[in-house]
Trainee: 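Can you keep this structure in mind? I'll have questions shortly.
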Amino acid sequence: MRILLWAEFQKLKRSNIVFITMLATVLIAVIVYIGGITTLSNEQLSMDLTGWYLTTTQVWATLFVLPAMIALLGSYMICREEQEDTMKSLRLIPVDETKLTFAKLIVTFIFCVLIYLLLFFITLFIEVCVHVSHLSWALIGSFFKMYLLDGIGVFFAVSPFIAIAPYLKKSYWVSMVLTEIYSFAGLFMSMSQTLKTLYPITAVFGISGYYDTTTQNWICSLIILWICGCISGMLVKGLHHEEIG
């Protein structure tokens, strides 16, 4: 597995998708910042509120940008051998295709966490520049935890859309579009206490601490994300069973 993980990281170095995802992360941070300095709230600029930028950026990024980009990256990694017609060569080695696919999912998970941490450090830098005298280590630590749990949770929330990509005639772009619709729908699901607990994308917010939630709802959200991970695992195993059959 270690060799497979190393190989997948090496492949990513030659891929433009990593650069595109990082660029999208920077752009969403810039867009929220511009919105913050141009939107008035109670006769005060939004950016004048300590923590507003850190809070708003992670919500916007999760509802509109990052889940789709993570799905694009993961589904591309899973589909690339078939699309580039290199899977035949891998089967001659031979390579355990199930382990190979799970290695790709692990790499996607790591990248998802790293991209959320990148977003955290970008937003933290801006917050320090604007509110250095109002920030505390406790506040920074709470936001670090929130972004870290967001990165972990978002991977599990979108993992079924990554795993289903090979079933969609090897079209990872379809996986990205479906994930974008799925994450955007979280905006409407958040209007209901029950739905935001059970809908995977908004369940992430409950687990990370963005939403105030009860212990029971927190556990329900955790179970929902666990189910998403199980579904993706079954899809991966089902794919290779189908290919062997």
Side-chain angles (χ1 to χ4, degrees), residues 5 8-9 11-12 15-29 57-84 100-119 147-190 198-205 207-208 221 224-240:
L5 291 173
E8 292 304 320
F9 277 114
K11 293 176 188 176
L12 279 180
S15 173
N16 290 328
I17 289 183
V18 174
F19 172 76
I20 293 172
T21 305
M22 294 177 67
L23 179 62
T25 304
V26 174
L27 286 177
I28 188 64
T57 304
Q58 63 100 5
V59 174
W60 278 38
T62 300
L63 291 177
F64 299 111
V65 179
L66 292 188
M69 298 307 301
I70 297 302
L72 175 63
L73 174 71
S75 54
Y76 168 75
M77 289 175 63
I78 291 176
C79 296
R80 67 182 299 174
E81 278 82 9
E82 291 288 351
Q83 291 198 336
E84 296 172 2
L100 177 63
T101 304
F102 276 114
K104 295 173 186 292
L105 288 175
I106 292 172
V107 171
T108 306
F109 168 75
I110 294 172
F111 187 81
C112 185
V113 173
L114 291 177
I115 208 67
Y116 266 90
L117 292 181
L118 171 64
L119 183 64
Y147 275 76
L148 178 62
L149 292 177
D150 276 344
I152 295 172
V154 164
F155 168 78
F156 282 96
V158 305
S159 60
F161 291 91
I162 297 173
I164 204 174
Y167 293 91
L168 302 174
K169 298 181 179 180
K170 311 299 185 294
S171 178
Y172 47 85
W173 289 104
V174 175
S175 180
M176 176 187 175
V177 172
L178 291 175
T179 306
E180 180 62 30
I181 297 172
Y182 165 69
S183 59
F184 180 73
L187 187 64
F188 303 97
M189 298 300 176
S190 64
L198 300 178
Y199 192 70
I201 289 293
T202 49
V204 172
F205 294 139
I207 289 175
S208 68
S221 296
I224 288 297
L225 294 181
W226 177 77
I227 291 173
C228 288
C230 291
I231 291 173
S232 62
M234 289 187 291
L235 286 170
V236 169
K237 290 185 178 180
L239 169 68
H240 296 298

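Nothing fancy with the numbering, it's 1 onward along the sequence.
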Trainee: Identify the heavy atoms of Ala157 and Leu225 that sit nearest to each other, and give their distance.
Mentor: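 Looks like CB-CD2, 3.9 Å.
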
Trainee: Minimum heavy-atom separation for Gln58 and Leu119, please, with both atom names.
Mentor: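 Answer, listing the atom of Gln58 first, then Leu119: CA-CD2, 4.4 Å.
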
Trainee: If you take all heavy atoms of Pro160 and Leu235, which pair is closest and at what distance?
Mentor: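 Reported closest heavy-atom pair: O-CD1, 3.7 Å.
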
Trainee: Can you name the closest pair of heavy atoms from Tyr182 and Tyr199 and give their distance?
Mentor: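 Smallest heavy-atom distance, with atoms named: O-OH, 2.5 Å.
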
Trainee: To the closest 0.5 Å, what do you measure between CG (Leu23) and CD1 (Ile28)?
Mentor: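 Reported to 0.5 Å precision, the distance equals 12.0 Å.
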
Trainee: Closer than 3.5 angstrom, by distance alone: can the side chain of Ser175 be matched with the main-chain N or O of Phe161 as a donor-acceptor pair?
Mentor: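 Indeed, once roles are kept as given, a pair shorter than 3.5 Å links the two residues.
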
Trainee: Check this for me: Met22, atom CE, are more than 12 non-hydrogen atoms of other residues, nucleotides or ligands nearer than 6.0 Å?
Mentor: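 No - once you tally the heavy atoms of other residues, nucleotides and ligands closer than 6.0 Å, there are 12 at most.
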
Trainee: Roughly how far, to the nearest 0.5 Å, is the OG atom of Ser75 from the CD1 atom of Ile70?
Mentor: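 So the gap between those two atoms works out to 10.5 Å.
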
Trainee: Which residue in the set Leu149, Ile152, Asp150 passes side chain to side chain contact (heavy atoms under 4.5 Å, CB included) when paired with Tyr116?
Mentor: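 Among Leu149, Ile152, Asp150, the one that satisfies the side chain to side chain contact (heavy atoms under 4.5 Å, CB included) with Tyr116 is Asp150.
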
Trainee: Could you walk me through whether Thr179 and Ile162 pass side-chain contact (heavy atoms from CB on, under 4.5 Å), step by step?
Mentor: CA-CA 9 Å; Thr179 306; Ile162 297 173; over 6 Å; no

Trainee: Measure the spacing between OH of Tyr76 and OG1 of Thr21 and express it to the nearest 0.5 Å.
Mentor: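 Tyr76 OH to Thr21 OG1: 11.5 Å, rounded to 0.5 Å.
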
Trainee: Do the rings of Phe155 and Phe109 sit parallel, tilted or perpendicular, given the 30° and 60° boundaries?
Mentor: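 Perpendicular: the ring planes of Phe155 and Phe109 meet at over 60°.
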
Trainee: How many angstroms lie between SG in Cys112 and CG in Leu66, if you round to the nearest 0.5 Å?
Mentor: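 Those atoms lie 7.5 Å apart.
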
Trainee: Mind listing the closest non-hydrogen atom pair of Glu180 and Ala68 along with its distance?
Mentor: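 What the structure gives for the nearest pair is OE1-CB, 3.2 Å.
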
Trainee: Provide the closest heavy-atom pair for Ile201 versus Ser183 in the form atom of the first, atom of the second, distance.
Mentor: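 Nearest heavy atoms, Ile201 then Ser183: CG1-CA, 3.9 Å.
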
Trainee: Quick one: pull up OG1 in Thr62 and CZ in Phe205 and give me the separation to the nearest 0.5 Å.
Mentor: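 Spacing of OG1 (Thr62) from CZ (Phe205) equals 4.5 Å.
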
Trainee: Can you measure from CD1 (Ile106) to OG1 (Thr101) and round to the nearest 0.5 angstrom?
Mentor: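 So the gap between those two atoms works out to 11.0 Å.
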
